[in-house]
There are 2 protein chains.
Amino acid sequence: MKTLRLTMSDRAILLSARFFARLPRTAAEAILEGATVSTHEAHDTLFRQDDPTDDVIVVLSGLVRLFRLGKDGREADIAVSQKGEMIGVNAVFLDRRATANAQAAEPSIVARLEGGKLRQLAAEDSDVAQALLELVCHHGKMTEDCLAEDRLLTAPQRVANYILSHCPIGSESFSFRLPFQKNVLAGKLGLAPEALSRAFSTLRRSGVIVKGRMIEIRDRQALEQF
Amino acid sequence: MKTLRLTMSDRAILLSARFFARLPRTAAEAILEGATVSTHEAHDTLFRQDDPTDDVIVVLSGLVRLFRLGKDGREADIAVSQKGEMIGVNAVFLDRRATANAQAAEPSIVARLEGGKLRQLAAEDSDVAQALLELVCHHGKMTEDCLAEDRLLTAPQRVANYILSHCPIGSESFSFRLPFQKNVLAGKLGLAPEALSRAFSTLRRSGVIVKGRMIEIRDRQALEQF
DNA sequence: GTCATGAATTGACCCGCATCAAACAACTTC
DNA sequence: GAAGTTGTTTGATGCGGGTCAATTCATGAC
């Protein structure tokens with residue numbers, strides 16, 4: 001891990017991230033005050049569950065996996081964050097202890113914002129507070145979605161859902177490239193890699209073609225009723 | 001369902017709820033401005049998933065179950081809220097559509113606060129914004145906990161966890177009364193009622209005694225390493 | 001080109017829990 | 001009290017998916 005200052009292009013990425021985009025420029029700049037940047041190899045740990053921490057992390061490039069550890073060492077993914085997404089907001093507004101482990105899933109660059117500064121700005125600037133509220137609500141909803149999917153859907157259904165969520169509305173057939181290894185996708189969906197593989201092969205019968213990271217679907221209807 | 005105005009004791013319950021307790025009195029009073037109260041029978045639906053809504057609900061008494069519906073009609077509980085807990089905050093700060101169904105799990109009384117007013121106050125009063133942020137972060141963490149439990153723990157482990165979460169630290173043996181039907185507990189833990197029953201009977205071998213709604217534990221150690 | 005390493009797939013097996021059905025217990029309601 | 005209603009437990013069975021092991025595929029090093 002190397003620590004650096006913010007370059008201009010880092011700033012540009014940050015300012016175009018969902019959270020900052022809705023803020024007035026001055027507020028966004030104020031938050032970035034004092035931010036640092038670091039680069040990480042795949043499998044680097046950014047922070048550990050229950051560690052005291054007062055940083056919010058923004059992914060600038062690469063991929064960060066957020067997961068909890070079971071007593072037996074098994075891992076359960078809570079979220080997978082890519083460029084522009086924020087991590088650790090909950091902790092900063094609760095007890096300043098990480099709620100999960102964070103680990104780079106591929107070579108990654110992240111920015112660290114000071115939690116103290118964020119709290120202070122949230123108190124002074126209602127735009128910031130508003131943006132944070134929306135962000136956290138959105139995170140909450142994502143997690144709810146995940147929980148509901150886990151409880152209601154089988155593996156092929158979850159995968160079908162994931163594929164459909166990448167399909168522009170209206171198009172009947174289309175294709176896209178997985179944004180990360182199947183490995184990671186499996187974790188995100190709460191599956192073992194083998195189960196993901198089997199799910200794909202089940203979906204083949206419904207017109208899903210998988211070649212490496214490329215996914216192609218030929219019959220949207222069939223997917224939806226899965 | 002009957003709609004009423006706030007009584008004095010309703011006010012008292014609200015003001016002592018976690019969310020309001022940390023607010024200055026005037027801010028709390030301002031939020032309660034325009035609140036209404038309604039009573040519900042068991043199984044009454046308070047709102048439905050995807051329904052447009054702009055209310056935040058506070059449970060005054062009874063129990064409200066929050067769940068998503070699968071295509072096949074199966075239900076997945078997202079949360080179970082008791083006295084003093086708030087529901088629907090996410091929706092009010094996102095797209096004003098309910099993210100789940102809400103249903104009274106027993107005869108219940110709830111207060112409805114206007115989402116518009118809440119948004120307005122959050123923008124004007126940083127105390128309110130702060131309290132909301134903490135509330136939503138807390139909700140988010142609860143949901144994360146739930147997701148991680150689902151993925152990492154077996155049924156008996158989840159039940160053991162639940163019991164331990166009601167056990168005052170340090171005490172080696174103790175007993176308490178379930179705050180709701182086993183039915184509801186099963187849903188909250190993501191189990192079928194039968195599975196909960198079997199989990200209890202497994203835990204009997206570790207010193208857990210179940211009589212109706214009363215739970216008694218004799219050996220905390222045994223529970224913890226389950 | 002060969003070789004080495006890690007990812008993805010496939011098969012075999014097993015465990016956990018949902019489901020269905022039926023017995024039982026605990027409350028209502030009259 | 002009796003009888004109906006609703007919640008809980010127990011048993012039998014089947015499916016989903018986790019785990020382990022072996023193979024195939026992809027990628028990069030040399």
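Letters A, B, ... mirror the listed sequences (proteins, then strands); counts begin at 1. Since the model is a prediction, treat every value here as computed from it, not as a measurement.
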* Nucleotide by nucleotide, 5' to 3', does protein get under 4.0 Å of the base (B), only the sugar-phosphate (S), or neither (-) in nucleotides 3-12 of chain D, counting heavy atoms? -> ----SSSBBB
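Salt bridge annotation for B:R218-B:E216: present, with a cationic side-chain nitrogen under 4.0 angstrom from a carboxylate oxygen. Classification of B:R97 and B:D51 as a salt-bridged pair fails, no side-chain N sitting under 4.0 Å from a carboxylate O. By the 4.0 Å N-to-carboxylate-O rule, A:D77 lies too far from A:R68 to be salt-bridged with it. Taking 4.0 Å as the cut-off between side-chain N and carboxylate O, B:R220 and B:E224 count as a salt-bridged pair. We find that A:E85 and A:R18 are not joined by a salt bridge, their nearest charged nitrogen and carboxylate oxygen being 4.0 Å or further apart.
Summarising the geometry, the separation between CD on A:E106 and P on D:dG28 is reported as 13 Å, rounded to the nearest angstrom. Distance, B:L191 CG to C:dG16 C1': 11 Å, rounded to whole Å. Distance, B:L152 CG to D:dG17 P: 17 Å, rounded to whole Å. Atom-to-atom, CD of B:E149 to C1' of C:dG16 comes out at 17 Å; the value is rounded to the nearest Å. One interatomic measurement links the two molecules: CG of A:L203 to C1' of C:dT9, which rounds to 15 Å at whole-angstrom precision. Rounded to an integer number of Å, the gap from CD of A:E75 to C1' of D:dT19 is 16 Å. The nearest whole Å value for the distance from the CG atom in B:D72 to the C1' atom in C:dA18 is 12 Å. To the nearest angstrom, P of D:dG16 lies 19 Å from CZ of B:R151.
Residue A:S81 forms a side-chain contact (heavy atoms from CB on, under 4.5 Å) with just one option from A:I87, A:I57, A:V110, and that option is A:I87.
The phosphate of D:dG18 has neither OP1 nor OP2 within less than 4.0 Å of any side-chain N or O from A:R74.
A:S108 places no side-chain N or O within 3.5 Å of a backbone atom of A:A104 that could act as its donor or acceptor partner.
The bend of the helix from C:dG1-D:dC30 to C:dC30-D:dG1, defined by the angle between the axes of its first five and last five pairs, stands at 40° to the nearest 10°.
Using modelled atom types and a 3.5 Å distance limit, the side chains of A:Q49 and A:T99 yield no donor-acceptor pair. Side chain to side chain, A:N161 and A:E149 meet the donor-acceptor criterion of an N or O pair below 3.5 Å.
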